[in-house]
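The block underneath contains the structure these notes are about, expressed in structure tokens.
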Amino acid sequence: MAIVEHVSRHLCSPFGGRGEEDGEVGSYLMMSLVLGILVVPIVVFGQRPESDIQAVDIVSGINISVRILAAVTAIYALVSIGHNARTWISERSSNIIVKTKLVFLWIFGFAKIIFTLIYGSFYLKCSNLISFELTDVLAIEHFTSIIFVILQLVFFQYVGRYTFTTRPIIKYVASIIAMANFVDLLVFMTLSVNGNKDIIFEENNTATVNCTGYSQTTVNNLIFITRSFRPPVNLQYSALAITLALSMKPDTEKLFSRWNMLGLQFFWRSPKRLAKVITVVVLMNVPLLICVPFNVYLQTRTQSRIWLSLMLAQKIAVFGCLLSTNYFMFKKLKLSVKNISINANEFMLLFSAMGVSAYGSIQMFLQEEVDGVLTSLIIISVFSILYQVTIILFGRRVDLVGNEISTIHAIQQLVVILGCNNMAVWFNDFLYGIWDMSNDRILKETVFKYIALMLYPLLAYYRFQSAMEFMELFRHVS
């Protein structure tokens with residue numbers, strides 16, 4: 001690690017002074033080069049069937065190697081922080097976004113372990129149906145995956161309590177851990193959408209039933225549950241781990257408002273305001289949460305039209321909230337914008353927003369017949385993304401001192417409504433996104449369906465990250 005820190009200074013020095021942002025350029029350069037090299041073999045060999053032992057060896061070997069590197073790096077960081085905290089830790093942190101993400105990371109982490117155990121147990125019980133080499137590779141893959149998840153949960157729980165200094169080695173640690181999770185996400189996504197059937201993990205497979213010792217119904221239920229929820233759980237876990245790792249890189253300035261020091265009262269001190277917000281949140285989100293399972297699993301043309309109409313009504317309501325927030329923030333407030341560089345969470349928000357826009361474009365331009373409702377839905381969604389990202393990025397950079405409290409209360413209410421809506425949409429995308437894409441008549445069996453499925457992690461993550469950013473924005477305006 002001393003060598004890495006020494007190299008980082010030389011990587012940064014040609015670009016500017018003071019070691020140029022203490023390893024920022026070097027850490028991103030390293031991550032870009034390694035990922036650029038690994039993406040091609042992962043995608044190429046990940047498309048081959050599971051019976052191709054060489055392809056499985058290459059993809060699993062890449063994933064395990066990067067995983068071990070990240071595990072060693074995390075252990076090194078934990079030991080170093082314990083022995084020399086002053087050079088690593090700047091101060092204790094109380095970032096609400098990090099704390100909320102840690103809760104979800106633990107939930108997804110335990111779920112990932114359970115699904116990995118279920119998946120792995122099928123292959124171990126039915127090892128007589130596959131080659132000895134494949135059994136060994138998959139056993140090592142699953143074992144290292146579980147150990148790495150546990151290590152990361154401990155690591156992020158520990159480092160999530162602190163804000164770190166600008167030492168170059170910290171940025172390298174963050175980049176290596178983020179890189180390992182990105183490789184894991186890419187491997188899993190490639191294997192999930194390649195269309196190749198598993199050798200054992202198939203429903204109504206008599207040989208699998210015989211070797212597991214379970215009934216046909218139990219086997220089918222386990223396979224259905226694992227196939228339904230394992231992909232979104234794994235992908236959300238990896239996405240959260242990536243942003244938590246990148247958030248170790250210290251931000252240049254804290255984004256907190258001074259309103260709390262001035263004694264601003266939260267809007268919920270008024271029962272009428274609180275009741276109004278709860279009513280709007282329920283009316284805007286509950287119908288969709290109830291209807292979405294029927295749309296995914298029991299889809300008919302009538303259900304599809306009802307679903308699209310509900311979605312359009314919700315999008316119009318959300319767009320109205322965004323326009324109102326934009327009006328209060330940029331027309332009613334006396335703005336004083338701080339010049340603050342973008343942080344890791346905001347970068348991931350922008351990146352995921354591009355994925356959502358790309359998916360909307362695919363749906364719009366692949367329509368065989370122009371559907372007015374769907375087209376309107378996509379157009380409103382794209383403009384909503386633009387307004388939402390603008391409000392989040394600029395809202396946390398404005399100084400609110402000297403404005404009317406009634407205007408701030410209005411913004412607080414709208415931010416809560418928008419944050420709850422993003423959580424509800426995230427819940428739908430998280431549970432049913434892959435199913436919805438798989439059954440999408442517009443995408444069909446084309447390369448665009450493959451692209452859409454690869455964009456799925458960004459769609460779900462955009463909503464989650466937006467909800468977290470609105471939570472932080474609410475804190476900023478409270």
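On a predicted model such as this, the values are computed, not experimentally measured, just so you know. Numbering of residues begins at 1 and proceeds along the displayed sequence.
Taking all atoms of both residues into account, the shortest heavy-atom contact from S175 to M31 is O-SD, 3.5 Å. Pairing each heavy atom of A245 with each of F156, the nearest pair is N-CE2, 3.5 Å. When all heavy atoms of S384 and L322 are compared, the closest pair comes out as O-CD1, 3.5 Å. Taking each heavy atom of V233 and A111 in turn, the nearest pair found is CG1-CB, 3.7 Å. Of all non-hydrogen atoms in L105 and A241, the two that sit nearest each other are CD1-N, 4.0 Å. Heavy-atom minimum distance, L459 versus G355: CD1-O, 3.9 Å.
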Applying side-chain contact (heavy atoms from CB on, under 4.5 Å), run through N421 and Q314 and close with a yes or a no.
CA-CA 9 Å; N421 170 255; Q314 187 211 40; 2.9 Å; yes
If you apply the rule side-chain contact (heavy atoms from CB on, under 4.5 Å), what do you find for T165 with T87, and how did you get there? CA-CA 7 Å; T165 62; T87 60; 5.8 Å; no
List the steps, then state whether side-chain contact (heavy atoms from CB on, under 4.5 Å) holds for W88 with S80.
CA-CA 8 Å; W88 286 73; S80 299; 3.5 Å; yes
Please report the C-alpha distance between V103 and K99 in whole Å, then the side-chain angles of each, then the deciding distance to 0.1 Å, and finally whether the side-chain contact (heavy atoms from CB on, under 4.5 Å) criterion is met.
CA-CA 7 Å; V103 173; K99 289 182 177 180; over 6 Å; no
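In this structure, I140 CD1 and T144 OG1 are separated by 8.0 Å, a value rounded to the nearest 0.5 Å. Rounding to the nearest 0.5 angstrom, the gap separating the CG atom in L151 from the CZ atom in R67 is 12.0 Å. Here L186 contributes atom CG and L235 contributes atom CG; the two are 10.5 Å apart, rounded to the nearest 0.5 Å. The CG atom of L312 lies 5.0 Å from the CD1 atom of I380; values are rounded to the nearest 0.5 Å. Atom OG of S466 and atom CG of L473 lie 11.5 Å apart (nearest 0.5 Å). A distance of 10.5 Å separates OH of Y76 from CD1 of I176, quoted to the nearest 0.5 Å.
Here the side chains of I177 and F155 are in contact, with some heavy-atom distance below 4.5 Å. A heavy-atom distance below 4.5 Å is not found between the side chains of Q465 and N422. Put simply, the side chain of Y123 does not reach to within 4.5 Å of the side chain of E141, judged on heavy atoms. Contact check for I150 versus I113: side-chain heavy atoms found under the 4.5 Å cut-off. Considering only heavy atoms from C-beta on, F164 comes within 4.5 Å of I81 through its side chain. Side chains of I62 and V187 form no contact here, defined as non-hydrogen atoms less than 4.5 Å apart. Within the 4.5 Å cutoff, side-chain heavy atoms of I225 are placed close to those of F115. Within the 4.5 Å cutoff, no side-chain heavy atoms of L377 are placed close to those of V373.
Note: W106 and F110 have tilted aromatic rings, judged against thresholds of 30 and 60 degrees for the angle between ring planes. The aromatic rings of Y461 and F464 are tilted relative to each other, their planes meeting at an angle between 30° and 60°.
When each of T390, I392, I391 is paired with F394, the side-chain contact (heavy atoms from CB on, under 4.5 Å) condition holds for T390 and for no other.
Taking T100 as the reference, I96, F104, M468, M471 meet the side-chain contact (heavy atoms from CB on, under 4.5 Å) condition, with sequence neighbours excluded. Judged as a side-chain hydrogen bond (donor to acceptor under 3.5 Å, both in side chains), and not counting sequence neighbours, K315 has no contacts.
At distances below 3.5 Å, at least one donor-acceptor pair connects side-chain atoms of S247 with backbone N or O atoms of L244. Between the S121 side chain and the I118 main chain, a donor and an acceptor come within less than 3.5 Å of each other. Under the 3.5 Å distance criterion, the side-chain polar atoms of N63 are left unmatched by any main-chain donor or acceptor of V59. In this structure, the side chain of S60 does not engage the main chain of D57 through any donor-acceptor pair within 3.5 Å.
The number of heavy atoms from other shown groups lying within 6.0 Å of CZ (F319) is above 12. The number of heavy atoms from other shown groups lying within 6.0 Å of CZ (F143) does not exceed 12.
The stretch residues 106-115 participates, sequence neighbours left out, in these salt bridge (Lys or Arg N to Asp or Glu O under 4.0 Å) pairs: K112-D184.
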